[in-house]
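Structure, as structure tokens:
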Amino acid sequence: MSKSPPFPTVSAANELRTDTRLVLGGRDPFAHHGFVNPPVYHGSTVLYGNARDLIDHRGRYQYGRRGTPTSEALEAAIHDLEGPACAGVALCPSGLSAVATALLALVRAGDHILVSDSVYRPTRIACDTVLARLGVETTYYDPLMGADVAGLFKPDTKLVFVEAPGSQSFEMQNIPAIAEAAHRVGAAVVMDNTWATPLFFPAFEKGVDVSVQAGTKYIAGHSDLMLGTISANKTYWTQIKDTVAATGLCVGPDDIYLALRGLRTLSVRLDRHQKSALEVARWLKGRPEVLRVMHPALEDDPGHALWKRDFLGASGLFSVVLKPVPENAVHAMLDGLKLFGMGFSWGGYESLVIPFDCAGYRTATQWTPGGPALRFHIGLEDVRDLVADLDAGFKRLHAAVNAA
Ligand SMILES: *Cc1c(COP(=O)(O)O)cnc(C)c1O
């Protein structure tokens, strides 16, 4: 048999740049007869060669739930993107399960945690129900308070949860300053890094200890699967890994394969999402119907300086507040849109829009936008078509206002 040529391994790829790592990460073609992509292992039972090996759990793989070559390929590829301070990556069946599991892994009864008031709303629900029931107290803090969060620490504060920009309302957080304050008292920093991904926010370089992503969004990139990832540094990896194992979390191999396929094009997709979203955001900013645009890459956004200092890019999700108009006028605009779908989630190739209102569930801050708020996800369509669709939408909005 001829010898297989060496394939650049994940660890050898560490000097390579991000786009190259996205191509190489988690692959070992010559372990699979030279096929470029890893096979999809469907499996629960793994056979052992003899009784001794079974009793001693001796074997590269033990049981489907505990990992397969398919799950390891995606974990390795994401690990490689997170950088050298990341000690491991665990897969979860959704982004929310990754958030909830990361929190459960780090706390015990009697602990106190600090959570940004602008986190993804289901994260709050996990804190207010599951964690509260287990005797873990959550204090929500103003996402803009930065290092002042230190004033909210209690003796048993175990972690600070950050998400930047904030869900729906796009507040930026001073994550290095928050991390410094947290580490001074031995608390962990857990981040939801779904918006930026490790490509646009290298979380571990900025003081984050545990970084969660909804792989459902940009990693998958095609609105066709649910998946979450938890990446942790050396201090917290064992707790994360053991909790994921103890709670039996695993992801079906076909979904893992699709996520791995999505990951290969993450960088080129994000480039386009970034460019198109900025174009649409600037166009919206110039519209007379728009009160303000919440997009940290816009020069006059309140979070722009932090974004510019800490982030390497902006993805395709942002919000706008319209000048006050009746709800039926907003609905007339939205209901006739041809290219913007209305539905939850984002990160796929298609453009989306949702109306939203944070007023009912924020507790540390007040949501008083001054008009109806819309969140846009800008997909990979031609921006000129998207703008024409929105332009026609504003015409319908005016027609509804004038008819009233
Ligand atoms: C969508 C989302 C999640 C949850 O991901 P699912 O896969 O839908 O459970 C978590 N955080 C943020 C910021 C999200 O946008």
Side-chain angles (χ1 to χ4, degrees), residues 74 78 89-104 115-131 140 143 161-173 175 189-201 203 208 210-231 244 247 249-252 254-256 258-259 262-263 266 270 273 277 294-296 303 311 314-319 341-348 350-354 356 358 361-362 373-379:
L74 180 59
I78 292 170
V89 176
L91 305 182
C92 291
S94 69
L96 181 58
S97 90
V99 168
T101 305
L103 291 170
L104 280 170
V115 176
S116 168
D117 205 32
S118 58
V119 282
Y120 180 61
R121 190 183 183 191
T123 297
R124 292 181 84 97
I125 296 171
C127 295
D128 296 345
T129 59
V130 178
L131 293 190
Y140 294 97
F161 195 97
V162 298
E163 181 180 329
S167 266
Q168 318 282 48
S169 45
F170 293 85
E171 296 89 347
M172 288 302 296
Q173 293 199 263
I175 293 169
V189 177
V190 182
M191 177 171 192
D192 185 332
N193 196 22
T194 301
W195 183 83
T197 84
L199 266 58
F200 287 166
F201 187 75
V208 171
V210 177
S211 180
V212 172
Q213 291 179 80
T216 307
K217 309 286 167 56
Y218 284 124
I219 292 175
H222 296 73
S223 309
D224 53 2
L225 66 97
M226 309 292 303
L227 188 138
T229 68
I230 312 175
S231 307
V244 170
T247 50
L249 300 178
C250 57
V251 183
D254 293 314
D255 287 344
I256 295 173
L258 286 174
L263 191 70
L266 180 61
L270 279 179
H273 285 298
M294 291 162 283
H295 187 313
F311 284 63
S315 59
L317 193 75
F318 64 90
S319 291
M342 276 184 284
F344 295 103
S345 206
W346 46 275
E350 81 284 21
S351 288
L352 297 169
V353 63
I354 53 166
F356 70 91
C358 314
Y361 57 90
R362 299 260 165 108
L374 301 174
R375 189 193 70 184
F376 288 95
H377 179 252
I378 304 303

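Hydrogens, waters and symmetry mates are skipped; everything else that's a heavy atom, side chains included, is used. First listed ligand is number 1; within each ligand, the first listed atom is number 1.
Residue V99 places every heavy atom at 4.0 Å or more from ligand 1. Remark: distances from the non-hydrogen atoms of Q213 to ligand 1 are all 4.0 Å or more.
Those atoms of ligand 1 that come under 4.0 Å of a heavy atom in A214, given as number and element, are 2 (C), 3 (C), 4 (C), 5 (O). Atoms of ligand 1 lying under 4.0 Å from at least one heavy atom of S94, given by number and element, are 7 (O), 9 (O).
Of the protein's non-hydrogen atoms, the one nearest atom 14 (C) of ligand 1 is K217 NZ, 2.8 Å. For atom 7 (O) of ligand 1, the closest non-hydrogen atom on the protein side is T216 OG1, 2.5 Å. With respect to atom 12 (C) of ligand 1, the closest heavy atom belonging to the protein is D192 OD2, 3.4 Å. When only non-hydrogen protein atoms are considered, atom 8 (O) of ligand 1 lies nearest to M226 CE, 3.5 Å. Protein heavy atom in closest approach to atom 4 (C) of ligand 1: Y120 CE2, 3.3 Å. Closest to atom 6 (P) of ligand 1 among all protein heavy atoms lies G95 N, 3.3 Å.
For L96, heavy-atom contacts with ligand 1 shorter than 4.0 Å involve the backbone as well as the side chain. The part of W346 lying near ligand 1 is the side chain, judged by heavy-atom distances below 4.0 Å.
Proximity of the aromatic rings of F200 and F311 is defined here by a centroid distance below 6.0 angstrom, and this criterion is not met. The ring of W346 has its center closer than 6.0 angstrom to the ring center of Y218.
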**Request:** Tell me, with the steps shown, if I219 and T197 meet side chain to side chain contact (heavy atoms under 4.5 Å, CB included).
**Result:** CA-CA 8 Å; I219 292 175; T197 84; 5.6 Å; no

**Request:** Given side chain to side chain contact (heavy atoms under 4.5 Å, CB included), test S118 with R362 step by step and report yes or no.
**Result:** CA-CA 7 Å; S118 58; R362 299 260 165 108; 3.8 Å; yes

**Request:** Carefully, step by step, assess T229 and L91 under the rule side chain to side chain contact (heavy atoms under 4.5 Å, CB included).
**Result:** CA-CA 5 Å; T229 68; L91 305 182; 4.1 Å; yes

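Under the 6.0 Å distance and 45° angle rule, K217 counts as a cation-pi partner of Y120. Geometrically, R375 does not engage F318 in a cation-pi contact, judged by NZ or CZ lying under 6.0 Å from the ring centre and within 45° of the ring axis.
Remark: the D117 side chain and the Y361 side chain contain no N/O donor-acceptor pair separated by less than 3.5 Å.
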